[in-house]
Amino acid sequence: MATSLHLPISISATSSSSLRARNTRKFAAFCSINAKANVKIPIPPINPKDPFLSRLSSVAANSPETLLNRPVQNSDSLPYLDLFDEPKLMATPAQVERSVSYNEHRPRKPPPDLPSLLLHGRIVYIGMPLVPAVTELVVAELMYLQWMDPKQPIYIYINSTGTTRDDGETVGMESEGFAIYDAMMQLKNEIHTVAVGAAIGQACLLLSAGTKGKRFMMPHAKAMIQQPRVPSSGLMPASDVLIRAKEVMTNRDILIKLLAKHTGNSVEAVTNVMRRPYYMDSTTAKEFGVIDKILWRGQEKIMADVASPEEWDKKAGVKVVDELSL
């Protein structure tokens, strides 16, 4: 088996070496004839800004024998790159850095981060639970946008579970939501709020706290109001747990009053629905007063394309009788 595999390889190697030697002799004879006739080998068009190709073409035109006198291979020398057999597929980092095409499209400065691009369009995106880092960034962006232009509206896109996760686990204090709410109330700008995804707990309060008539919701977003949760007590003494519970009750009463104020419902109605988590789709949220309009791109065009009853009768061939003529 080993002999049968070994024979074709040796024959192939011998035929390949003989073919290379024959091509080399032909090329040497061609170069000698052209040298006697004082004729230069035609050079294909190359990139004049590439120093390696310019030097290679110059050597091939003036003294091609230097490319043919290759070093003799032995076990101690490194393999010689045959320019006529295979190209060099990879370039060094220095060659890439010097290439014209690379430097032409290379960015001159680092790209801006996404929050900066949104801020340039006066958009504040709340896409995380209301933890201290999120509150710090949102309040700073609101203050900056008011300083830039106190007359242009500010757009707040909300996709947040508030101070808890969706499963009810507490991740932040209720004061985080109240801090953003107070900052919104102090602004001179109109505030357009848009719910994308979810607005739960304190995030639902921020959604409803936008300027009247400028509170929106995506068709498949959801809103939910619930009572504040007691954070993990850990190894607290019983007296400290009681103090923490009283604080949570105070935050609940404040949240109920603010929701009643912005939704137009009574305190008793909001208290009743908040006894358990109250989920609302876009239609229910509009009926409850959390939002003013459901965003649906193209709905105006769809309604405008609907034909009137008279046009339907005319297309169907039904003659309309004028009631006044009867």
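Between the Asn265 side chain and the Phe288 main chain, a donor and an acceptor come within less than 3.5 Å of each other. Panel note: side chain Asn189, backbone Asp149; a donor-acceptor pair is recorded below 3.5 Å. With hydrogens and angles ignored, the 3.5 Å screen pairs no side-chain donor or acceptor of Arg229 with any backbone N or O of Thr164. One N or O on the side chain of Thr211 and one on the backbone of Ile191 form a donor-acceptor pair closer than 3.5 Å.
Heavy-atom contacts from other residues, nucleotides or ligands closer than 6.0 Å to OH of Tyr144 number 12 or fewer.
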field: Verdict with supporting geometry, Thr284 and Asp281, side chain to side chain donor-acceptor pair (under 3.5 Å)
entry: CA-CA 5 Å; Thr284 307; Asp281 57 10; 2.6 Å; yes
task: For side-chain contact (heavy atoms from CB on, under 4.5 Å), just list the numbers for Leu118 and Tyr155, CA-CA rounded to whole Å, side-chain angles, deciding distance to a tenth of an Å, and then say yes or no.
output: CA-CA 10 Å; Leu118 295 177; Tyr155 305 91; over 6 Å; no
message: Between Thr283 and Glu287, does the side-chain contact (heavy atoms from CB on, under 4.5 Å) criterion hold? Intermediate values first, please.
response: CA-CA 6 Å; Thr283 304; Glu287 294 174 355; 3.8 Å; yes
- request: Might you work through the side-chain contact (heavy atoms from CB on, under 4.5 Å) test for Leu142 and Val138, ending with a clear yes or no?
  value: CA-CA 6 Å; Leu142 293 176; Val138 171; 4.2 Å; yes
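With a 4.5 Å cut-off on side-chain heavy atoms, Met217 and Val290 do not count as touching. Under the 4.5 Å side-chain criterion, counting only non-hydrogen atoms from C-beta, Thr163 is not in contact with Thr170. Using a 4.5 Å heavy-atom cutoff, the side chains of Cys204 and Met224 are not in contact.
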